[in-house]
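Have a look at the structure below before the remarks.
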2 protein chains.
Amino acid sequence: MPGRRGMRSSGWGGKFRGCGYRMTVPRQSIMDVLSVTNKHLSAEDIYMEVHKIYSNVGLTTVYRTLELLTQMGLVVKFDFGDGRARYELIEGSKSGHHHHLVCTGCKRSIEYTDFINEETEFLERAEKELSKKYKFDIKNHIIQFYGLCDKCREKK
Amino acid sequence: MPGRRGMRSSGWGGKFRGCGYRMTVPRQSIMDVLSVTNKHLSAEDIYMEVHKIYSNVGLTTVYRTLELLTQMGLVVKFDFGDGRARYELIEGSKSGHHHHLVCTGCKRSIEYTDFINEETEFLERAEKELSKKYKFDIKNHIIQFYGLCDKCREKK
DNA sequence: TTGATAATGGAAACCATTTTCAATAAGAAG
DNA sequence: CTTCTTATTGAAAATGGTTTCCATTATCAA
Ligand SMILES: [Mn+2]
Ligand SMILES: [Mn+2]
Ligand SMILES: [Zn+2]
Ligand SMILES: [Zn+2]
């Protein structure tokens, strides 16, 4: 009965090898953490999470793997303005496709999925034309609205 | 004949004072640099540019002013992945409203203005509904497509 | 099982950004 | 114009997320 234990081995290994990389314990465990969360984890967040199970995985490796995943287009790296990068798995992520409202006051982000349908239609067309016109191989995208959240506005 | 000398005093002072801040020489000179460029300047870029004319303005002040401008919603802060933030004036910027294709290889960015009309329509509607639904005071937004540019793709 | 080499972890280095604090200057009041 | 309050500033030092180094280890094709 393949595929039990929560789809843990859902083919990440193949994905890595397909790109000429090796599948390792640290990489697998990082993918596990990313697949399960629905938060915006920083490198250190991921490191601590992985550390619970494999206490010998280093923070350096977490950074390296995240960079690799970003290059592979499997992960998006976000900057919400709080001084550390945050990462989200695209394929197979808990939250579906979504975007963010980012508060420039408290640096928190709110996910929204409104307009995703209209947006998808629009983005698909844009992606196609832009990649042709600028000879650009588009892997993914972000949309972020900046402003003040409820709480930060009244604090003003 | 008011307003000569290239619209230098195009009311930035009023903008600052209107928000309860003072207009100072460093702030004015930073606005001057931002108004004239059509590049994506980092804090240090701006510092060096300002330094040519006011050699006593400090890098710290540049950072502080950029933070202020971002909070005021006059400037957008970008992260193109090269380890330093980049800033663009919104109102009165040389390039009009536009977005970016960001290469995850060489970290360079390409501006595009295609689809801006359709996009504006879409974004206006989104902004209105999102700010109501999430009680969020939206100041501005970014859209970025990530991928590999022409050169970085063939290097692979 | 073996060998070539990709990948790793820990420590040190890096460096963009922030903090500190005494000195300065904007601008309201008179 | 002069005075006074205090927002603003510059230089230096501190901060801390991320990267670099390098000797050791583990992956996986043969
Ligand atoms: Mn998210
Ligand atoms: Mn731009
Ligand atoms: Zn907030
Ligand atoms: Zn490139």
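For the numbers below, each heavy atom of this structure counts, side chains included, while hydrogens, waters and symmetry mates do not. Throughout, a chain's letter reflects where its sequence line sits, starting with A, and its residues are numbered from 1.
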Roughly how far, to the nearest 0.5 Å, is the OH atom of B:Tyr112 from the CD1 atom of B:Ile143? 5.0 Å
Span of DNA chain D, from the first to the last nucleotide whose atoms fall under 4.0 Å of chain A heavy atoms: D:dG17 to D:dC28
Should the pair A:His141 and A:His97 be assigned to parallel (<30°), tilted (30 to 60°) or perpendicular (>60°) ring geometry? tilted
Counting only non-hydrogen atoms, which of residues 75-85 of chain B are less than 4.0 Å from DNA chain C? B:Gly83, B:Arg84, B:Ala85
State yes or no: do B:Leu101 and B:Phe115 share one hydrophobic cluster built from I, L, V, M, F, W and Y residues joined by side-chain heavy-atom distances below 4.5 Å, directly or via other members? yes
B:Lys77 NZ to A:Thr104 OG1 distance, which is reported to the nearest 0.5 Å: 10.5 Å
Between A:Tyr47 and B:Tyr87, name the one whose nearest nucleotide on DNA chain C is closer to the 5' end. A:Tyr47
In Å and rounded to the nearest 0.5 Å, what is the NE2 to CD1 distance from B:His98 to B:Ile116? 8.5 Å
Assign the ring pair A:His100 / A:Phe78 to parallel, tilted or perpendicular, where the plane angle (0 to 90°) is split at 30° and 60°. perpendicular
Of the residues in residues 55-69 of chain B, which ones touch DNA chain D at a heavy-atom distance under 4.0 Å? B:Asn56, B:Val57, B:Gly58, B:Thr60, B:Thr61, B:Arg64
Using five base pairs at each end to define the local axes, how bent is the helix from C:dT1-D:dA30 to C:dG30-D:dC1, to the nearest 10°? 50°
Applying a strict under-4.5 Å side-chain criterion to I, L, V, M, F, W and Y, I'd like to know whether B:Leu69 and B:Val50 cluster together. yes
Salt-bridge test for A:Asp45 and A:Arg86: reply yes if a basic N is under 4.0 Å from a carboxylate O, no otherwise. yes
Separation between CG (B:Leu41) and CG (B:Leu34), nearest 0.5 Å, reads 6.5 Å
Drop me the distance from B:Glu88's CD to B:His40's NE2, to the nearest 0.5 angstrom. 4.0 Å
The reported gap from CG in B:Leu148 to NZ in A:Lys135 (rounded to nearest 0.5 angstrom) is 15.5 Å
Looking at B:Thr24, B:Val62, B:Leu89, B:Val75, which hits side chain to side chain contact (heavy atoms under 4.5 Å, CB included) with B:Ile30? B:Val62
At a heavy-atom distance below 4.0 Å, which nucleotide of DNA chain C is the first touched by chain B, and which is the last? C:dA16 to C:dG27
For A:Tyr63, enumerate each residue passing the ring pair (Phe, Tyr, Trp, His ring centres under 6.0 Å) test, keeping only those at least two apart in sequence or located in another chain. none
Taking the side chain from A:Thr37 and the backbone from A:Val33, do they hold a donor-acceptor pair closer than 3.5 Å? no
Side-chain H-bond candidate by donor/acceptor type, B:Tyr54 with B:Asp32, under 3.5 Å: no
